[in-house]
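First comes the structure, then the notes that go with it.
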There are 2 protein chains.
Amino acid sequence: MSAFDCVSFCRALGDETRQAILQMLQKKGEMGVNAIVAAFERSSQPTISHHLKILKHEGLVTSRRDGKEILYALNGGNVEECCGMLWAKFVPAKSVTTRTRTSKARA
Amino acid sequence: MSAFDCVSFCRALGDETRQAILQMLQKKGEMGVNAIVAAFERSSQPTISHHLKILKHEGLVTSRRDGKEILYALNGGNVEECCGMLWAKFVPAKSVTTRTRTSKARA
DNA sequence: ACAATATATTGACAACTTTCGATATGTATT
DNA sequence: AATACATATCGAAAGTTGTCAATATATTGT
């Protein structure tokens, strides 16, 4: 059974700030919380921590401690798998577009 | 109207009932509202109408009147395009589907 | 042990969502 | 035009979410 739930995955992505965090992690690789907070003049540190918690719980980011910092990084594999699931669930099979190497026939 | 917004797309998909509606439309093709309501013992007619409105506003379904009924259908093209956008936005370019051992990080 | 730094958690509040009953609007039939 | 049917909209209750200030926890250096 797929470990991921399409609904909660979409929920996790259904927020401006969380998408921005993910995209930043994709670009910059690992980042500490402070660095992320600094990049979002708009949001407080607790708010960022809250979003990171949601992203982590959904498996979209990983974290590891490095000294005082905790470094977060995009979990590319899981994001990919979730996107593939979405695709498989809703896109009618006949569409043969662009690059597909995406989905293993296994729904 | 092909300028889709990843966040509102995910928001629209971030609901159990809406995903179920979409999936049913994918399977069964066009359906009237009553038919959909009938399939969801759980939800009232106004609730289904509300969800359909959101899906339509997001371009994920189309609707047309046929006599007394209004028939809804999956807008496969847009769903596909949105999924592709998501993929492009968050999946690192060269990740090769390595069947990650699904470690859904829990707190 | 103490102070400084980095992150997480708590508690509270406003804003938004989901849901439903009641009602309105539109369409066909008699 | 009156009635029946199909769907949309309104208004309110209940639940969920995003946000922040304050506080707690963890780590490092003095």
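Letters A, B, ... are given to chains in the order of the sequence lines, protein chains preceding strands, and every chain is numbered from 1. This structure is a prediction, so every number in the text was calculated from the model and none was measured. Values reported hereafter were calculated over all heavy atoms of this structure, with side chains retained and with hydrogens, waters and symmetry mates removed.
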To check you understand the geometry: which heavy-atom pair defines the closest contact between B:Ala73 and B:Leu25, and what is its length? C-CD1, 4.1 Å
Please report the distance, rounded to the nearest Å, between CG in A:Asp15 and C1' in C:dC16. 12 Å
What's the CZ-C1' distance between B:Arg42 and C:dT18, to the nearest Å? 14 Å
Please state how far atom CG in A:Leu52 lies from atom P in C:dT9, giving the value in whole angstrom units. 11 Å
Heavy atoms, side chains only, cut-off 4.5 Å: are B:Asn75 and B:Leu60 in contact? no
Mind calculating the distance between CD1 (B:Ile36) and P (D:dT7) to the nearest angstrom? 9 Å
Report the nucleotide, chosen from C:dC20, D:dG18, C:dT18, that has the shortest atom-to-atom distance to any side-chain atom of B:Ser44. C:dC20
Below the 4.0 Å mark, does C:dC16 have OP1 or OP2 next to a side-chain nitrogen or oxygen of B:Arg11? no
On DNA chain D, does the nearest nucleotide to A:Gly67 precede the nearest nucleotide to A:His50 from the 5' side, or the other way round? Give the residue. A:His50
Would you state whether a donor and an acceptor, one from the side chain of A:Gln45 and one from the base of C:dA8, lie under 3.5 Å apart? yes
D:dT17 P sits how many Å from A:Lys53 NZ, rounded? 13 Å
If you draw a 6.0 Å radius around CD in B:Glu16, do more than 12 non-hydrogen atoms from other residues or ligands fall strictly inside? no
Of the listed D:dA8, C:dA8, C:dT19, the closest approach to the B:Thr17 side chain comes from C:dT19
What is the distance, to the nearest angstrom, from the CD1 atom on B:Ile70 to the C1' atom on C:dG26? 8 Å
Determine, for B:Arg11 against B:Glu58, whether the closest basic-nitrogen to carboxylate-oxygen distance falls under 4.0 angstrom. no
Could you give the CD1-to-C1' distance, from A:Ile48 to D:dT19, as a whole number of Å? 11 Å
With a 4.0 Å cutoff (strictly under), does any side-chain N or O of B:Tyr72 reach OP1 or OP2 of D:dA8? yes
Any idea which of D:dT19, C:dT18, C:dT9 is nearest the A:Thr47 side chain? D:dT19
Rounded to whole angstrom units, what separation is found between the CZ atom of A:Arg65 and the C1' atom of D:dT28? 10 Å
D:dT9, D:dA6, C:dT18: which one has an atom nearest the side-chain heavy atoms of B:Lys68? D:dA6
Under 4.0 Å between a side-chain N or O of A:Asn34 and OP1 or OP2 of C:dT5? no
Under 4.0 Å, counting only non-hydrogen atoms across every strand here, what does B:His51 touch: a base, just sugar-phosphate, or nothing? sugar-phosphate
Can B:Lys89 and A:Gln26 be counted as having a side-chain donor-acceptor contact under 3.5 angstrom? no
